[in-house]
Amino acid sequence: MVTVKKEGIILYHTDLDFENDGVLNPAVYQEGDTVHLFYRAVRKGNFSTVGYAKLNGPLEVVDRLAKPLIGPSSAIDQQGVEDARIVKIDGTFYMSYTSYDGLNALGSYATSTDLKTFEKHGIIVPQLDYKTFCSLTAEIANLDERYATYNCEKEGEERHGFISDKNLIFFPRLINGKFTFLHRIRPDIQLAAVENLSELTAEYWAEYVKNLDENILLTSKYDHESSYIGGGCPPIQTPEGWLIIYHGVRKSEEGYVYSACAALLDLENPEQEIARLPYPLFTPDQKWELTGYVNNVVFPTGTARFDERLFIYYGAADKRIAAVSLNFDELISALLENKIRL
């Protein structure tokens, strides 16, 4: 087992209007000893924007904006800019997030060159209604029945809007000349790669979903992730492979329980899973993780590394932001002890 230290809460909500109901799920970018947090700030009524805080070292908050850094700007995100992640590719920062219009939750992205101003580029994941998704996937043999449970209408049911496609997360470099990213149509994590993001058209996604079984990256494997899984932190490049910190969900008598999980992917062929921990990296067991807006949640979204320690920042019970730390080499060694036999 990897030894994980719970560092505690590092950011609470305030009385400011834009974050008076919770702060959670921060995008994280590290510059030396400075850690930038682009966190989800929630005001009463479940309206979300992106707030900003700066850390000196892994845990000390030294600056925090008193207004949102990024907020709604059109109909697609009129109720929320949620759960951001951030990477830097060839000198440009790519912030991916979920646009929420009150009904549809879909992956979008924005770019920046200075971490201060961001240009939004809109939704890039598929925008498919439930009937269309079910029709496109109807001919896929042996597709997990949970896809229909989450994304198709039951007999006599009418579901409005688009299927949810969240947890859009870019790899921090081009792989084989392509933008490569994770996204999540429940219950699994999927992988996509294109030379230019303008290729992500309705036609592209229709063909992609017709062959969805070929685009599934990670699927539930162990009890702690038995209900569904989703992306967490941006991938971390290591000599042994891409380190993926993701979230796994299981259903319990108390409701869903969200845990942090870890896997390794091949560096040049990330569709190939190398290893996965057979147990959760950490689970909700502290009071700030067990009780909140949504109970029993640890939701990892960003990392920073200080010497041999990897700090993982996460939303705790959808109410506050906390961190854990662990020995980086110990985590990699534990993963390599659980290599997947091909």
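No hydrogens, no waters, no symmetry mates; every other heavy atom, side chains included, goes into these values.
- Hydrophobic clustering, with ILVMFWY side chains joined whenever heavy atoms are under 4.5 angstrom apart, groups Leu310 together with Leu336.
- Ion pairing between a basic and an acidic side chain is recognised when a charged N comes within 4.0 Å of a carboxylate O; Lys120 and Asp77 show such pairing.
- Side-chain atoms of Ser135 do not come within 3.5 Å of backbone N or O of Lys131 as any donor-acceptor pair.
- A donor-acceptor pair is defined here as one N or O able to donate and one able to accept, closer than 3.5 Å; no such pair exists between the side chain of Glu240 and the backbone of Ile332.
- The minimum heavy-atom distance linking Ser220 with Pro187 is given by the pair OG-O, 4.4 Å.
- A donor-acceptor pair under 3.5 Å links the side-chain atoms of His247 to the main chain of Gly231, judged by distance alone.
- For the pair Lys116 and Asp114, the salt-bridge criterion is not met [side-chain N within less than 4.0 Å of a carboxylate O].
- A heavy-atom distance below 4.5 Å is found between the side chains of Ile140 and Leu212.
- Atom OH in Tyr208 sits 11.5 Å away from atom CG in Leu128 (nearest 0.5 Å).
- Think of Tyr258 as one node in a network of Ile, Leu, Val, Met, Phe, Trp and Tyr side chains linked at under 4.5 Å; its network also takes in Tyr150, Tyr228, Val249, Tyr256, Tyr293, Val294, Val297, Phe299.
- Atom CG of Asp83 and atom CG of Asn25 lie 4.5 Å apart (nearest 0.5 Å).
- Using a 4.5 Å cut-off on side-chain heavy atoms (C-beta onward), Lys287 and Thr291 make no contact.
- A donor-acceptor distance shorter than 3.5 angstrom exists from the side chain of Glu199 to the backbone of Asn196, with no hydrogens or angles considered.
- Contact of the Tyr97 side chain with the Val50 side chain is not registered, since no non-hydrogen atoms from C-beta on lie closer than 4.5 Å.
- Atom CZ of Arg184 is separated from atom OG1 of Thr98 by 9.0 Å, given to the nearest 0.5 angstrom.
- Looking at Thr49 and Pro72, their side chains come closer than 4.5 Å, going by heavy atoms from C-beta outward.
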Check your understanding: Taking it one step at a time, do Asp307 and Arg309 satisfy salt bridge (Lys or Arg N to Asp or Glu O under 4.0 Å)?
Key -> CA-CA 6 Å; Asp307 299 322; Arg309 303 294 291 177; over 6 Å; no

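- Tyr222 belongs to no hydrophobic cluster with other residues, because no ILVMFWY side-chain heavy atom falls under 4.5 Å from its own, directly or through intermediates.
- You'll find the ring centres of Tyr314 and Phe282 inside the 6.0 Å limit.
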Exercise for review: Any chance you could lay out the salt bridge (Lys or Arg N to Asp or Glu O under 4.0 Å) test for Arg43 and Asp17, step after step, and finish with the verdict?
Suggested key: CA-CA 6 Å; Arg43 69 174 171 90; Asp17 286 346; over 6 Å; no

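- No donor-acceptor pair closer than 3.5 Å links the side chain of Gln79 to the backbone N or O of Asp101.
- Looking only at distances, a side-chain donor or acceptor of Ser96 sits under 3.5 Å from a matching main-chain atom of Leu168.
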Practice item. Evaluate the salt bridge (Lys or Arg N to Asp or Glu O under 4.0 Å) criterion for residues Glu225 and Arg250: first the C-alpha distance (whole Å), next the side-chain angles of each, then the deciding distance (0.1 Å), finally the verdict. Key: CA-CA 5 Å; Glu225 55 186 24; Arg250 69 173 178 86; over 6 Å; no

Practice item. Report the C-alpha separation of Asn20 and Asp15 in whole Å, then their side-chain angles, then the decisive distance to 0.1 Å, and conclude whether the side-chain hydrogen bond (donor to acceptor under 3.5 Å, both in side chains) test is met. Key: CA-CA 5 Å; Asn20 59 13; Asp15 292 331; over 6 Å; no

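- Under the 3.5 Å distance criterion, the side-chain polar atoms of Asn151 are matched with a main-chain donor or acceptor of Arg186.
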Check your understanding: Which is it for Gln30 and Arg305 under the side-chain hydrogen bond (donor to acceptor under 3.5 Å, both in side chains) test, yes or no, and what are the steps along the way?
Key -> CA-CA 8 Å; Gln30 182 178 10; Arg305 187 172 176 182; over 6 Å; no

Exercise for review: Check the pair Asn142 / Asp213 against side-chain contact (heavy atoms from CB on, under 4.5 Å), numbers first and verdict last.
Suggested key: CA-CA 9 Å; Asn142 302 317; Asp213 55 327; over 6 Å; no

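- Few gaps surround CG on Asp266; more than 12 heavy atoms of other groups in view lie less than 6.0 Å from it.
- Salt bridge present: Glu289 and Lys6 bring a charged side-chain N and a carboxylate O closer than 4.0 Å.
- A donor and an acceptor atom, one from each side chain of Tyr147 and Asp188, are located under 3.5 Å apart.
- One distance of note links NZ of Lys88 with CG of Asp90; it measures 10.0 Å at 0.5 Å rounding.
- With Asn295 contributing its side chain and Gly292 its backbone, the two residues share a donor-acceptor pair below 3.5 Å.
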Practice item. Run the numbers on Glu19 and Lys44 for salt bridge (Lys or Arg N to Asp or Glu O under 4.0 Å), then give the verdict. Key: CA-CA 8 Å; Glu19 59 179 19; Lys44 295 187 187 302; over 6 Å; no

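- Among all heavy-atom pairs drawn from Pro270 and Leu217, the shortest one is O-CD1, 3.1 Å.
- With contacts defined as side-chain heavy-atom distances shorter than 4.5 Å, the pair Thr301/Ile169 does not qualify.
- Taking a 6.0 Å sphere around NZ of Lys221, one finds it holds more than 12 heavy atoms contributed by other residues, nucleotides or ligands.
- Partner of Tyr94 under the ring-ring contact (aromatic ring centres under 6.0 Å, His included) criterion, out of Phe170, Phe181, Phe118, Tyr29: Phe170 alone.
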Check your understanding: Run the side-chain hydrogen bond (donor to acceptor under 3.5 Å, both in side chains) check on Thr283 and His224 step by step: do they pass?
Key -> CA-CA 9 Å; Thr283 61; His224 61 274; over 6 Å; no

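- The CG atom of Leu136 sits 13.0 Å away from the CH2 atom of Trp205 when rounded to the nearest 0.5 Å.
- Taking each heavy atom of Tyr12 and Val23 in turn, the nearest pair found is C-CG2, 3.5 Å.
- Salt-bridge formation is detected for the pair Arg40/Glu82: a Lys NZ or Arg NE/NH1/NH2 atom is positioned less than 4.0 Å from an Asp or Glu carboxylate oxygen.
- Within the 4.5 Å cutoff, side-chain heavy atoms of Asn46 are placed close to those of Tyr100.
- In this structure, the side chain of Arg85 engages the main chain of Gly232 through a donor-acceptor pair within 3.5 Å.
- Looking at heavy atoms from C-beta onward, Leu265 lies out of side-chain contact with Leu243 at the 4.5 angstrom threshold.
- By the neighbour-count criterion of 12 heavy atoms within 6.0 Å, atom CD of Glu145 is sparsely surrounded, having that number or fewer from other residues, nucleotides or ligands.
- The shortest side-chain heavy-atom distance between Ile10 and Ile321 falls under the 4.5 Å cut-off.
- In terms of modelled atom types and a separation under 3.5 Å, the side chain of Tyr313 and the main chain of Pro58 share a donor-acceptor contact.
- A continuous path of Ile, Leu, Val, Met, Phe, Trp and Tyr side chains, each step under 4.5 Å between heavy atoms, connects Val61 with Leu37, placing both in one hydrophobic cluster.
- Minimum heavy-atom separation, Gly57 to Val35: O-CG2, 3.7 Å.
- Val42 belongs to a hydrophobic cluster whose other members, connected by ILVMFWY side-chain contacts under 4.5 Å either directly or through intermediates, are Leu24.
- When all heavy atoms are compared, the tightest approach of Phe162 to Asp129 is CD2-N, 3.7 Å.
- Classification of Lys319 and Asp21 as a salt-bridged pair holds, one side-chain N sitting under 4.0 Å from a carboxylate O.
- Of all non-hydrogen atoms in Val257 and Ser252, the two that sit nearest each other are CG2-OG, 3.6 Å.
- Interatomic distance, Glu268 CD to Trp242 CH2, rounded to the nearest 0.5 Å: 8.0 Å.
- Salt-bridge formation is not detected for the pair Lys339/Glu273: no Lys NZ or Arg NE/NH1/NH2 atom is positioned less than 4.0 Å from an Asp or Glu carboxylate oxygen.
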